[in-house]
Amino acid sequence: MAILVYSKTNCSACKCTKMLLNAFEVAFEERNVEDSDEYMAEAKATGFSAMPIIVMENEVLSGHQPAKLEELFG
């Protein structure tokens with residue numbers, strides 16, 4: 001399953017989410033929306049604005065959601 005994590009540089013929720021995904025040994029691709037207009041457009045296209053935005057095959061999450069990540073990957 002390909003997982004994308006849209007993030008911002010100084011976003012504590014983004015850092016916590018990435019740390020949690022790493023702890024669960026989940027492979028993901030990070031796309032910092034501050035690095036690319038294309039990444040920003042992709043993130044906006046999800047319909048969410050709160051970072052991080054996690055895009056999976058059948059689901060999109062917005063914000064730091066440790067309980068949901070535990071449910072999916074723990």
Side-chain angles (χ1 to χ4, degrees):
M1 168 181 0
I3 297 175
L4 297 176
V5 177
Y6 293 95
S7 66
K8 287 186 171 184
T9 304
N10 292 317
C11 169
S12 61
C14 299
K15 290 176 185 172
C16 290
T17 295
K18 292 182 291 184
M19 285 176 46
L20 192 54
L21 289 171
N22 285 325
F24 291 138
E25 298 181 355
V26 174
F28 62 92
E29 178 184 343
E30 180 180 6
R31 294 187 176 178
N32 188 318
V33 298
E34 296 172 337
D35 292 343
S36 164
D37 290 339
E38 180 181 348
Y39 292 166
M40 178 63 84
E42 291 173 8
K44 285 182 179 181
T46 67
F48 293 103
S49 59
M51 298 293 163
I53 298 172
I54 303 168
V55 179
M56 298 170 279
E57 285 182 25
N58 299 323
E59 194 163 2
V60 179
L61 305 175
S62 178
H64 182 53
Q65 296 191 34
K68 184 65 176 180
L69 295 175
E70 170 80 28
E71 177 187 320
L72 292 170
F73 305 114

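In this chain, residues are counted from 1 in sequence order.
When every heavy atom of Gly63 is checked against every heavy atom of Thr17, the shortest pair comes out as O-OG1, 4.5 Å.
Ring orientation note: the planes of Phe24 and Phe73 are tilted relative to one another, at an angle of 30° to 60°.
Partner of Asn32 under the side-chain contact (heavy atoms from CB on, under 4.5 Å) criterion, chosen from Ser7, Cys14, Cys11: Ser7.
When hydrophobic clusters are built by joining Ile, Leu, Val, Met, Phe, Trp and Tyr residues whose side-chain heavy atoms come closer than 4.5 Å, directly or via intermediates, Leu20 is grouped together with Ile3. Note on Val5 and Phe48: separate hydrophobic clusters, where clusters join Ile, Leu, Val, Met, Phe, Trp and Tyr whose side-chain heavy atoms are under 4.5 Å apart, directly or indirectly.
Taken to the nearest 0.5 Å, the CD1 atom of Ile53 stands 12.5 Å off from the CZ atom of Arg31. To the nearest 0.5 Å, atoms CG (Asn10) and CE (Met51) are separated by 13.5 Å. Between atom CE of residue Met40 and atom NZ of residue Lys8 there is a gap of 5.5 Å, rounded to the nearest 0.5 Å. Thr46 contributes atom OG1, which lies 8.0 Å from atom OH of Tyr6 (distance to the nearest 0.5 angstrom).
Using a 4.5 Å heavy-atom threshold, the side chains of Val26 and Leu69 count as separate. Under the 4.5 Å side-chain criterion, counting only non-hydrogen atoms from C-beta, Glu42 is not in contact with Val55. In this structure, Leu61 and Met56 have side chains that are in contact, with non-hydrogen atoms separated by less than 4.5 Å.
Applying the 6.0 Å contact sphere to CD of Glu25 captures no more than 12 heavy atoms from other residues, nucleotides or ligands.
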Verdict with reasoning, Glu59 to Leu72, per side chain to side chain contact (heavy atoms under 4.5 Å, CB included): CA-CA 11 Å; Glu59 194 163 2; Leu72 292 170; 4.1 Å; yes

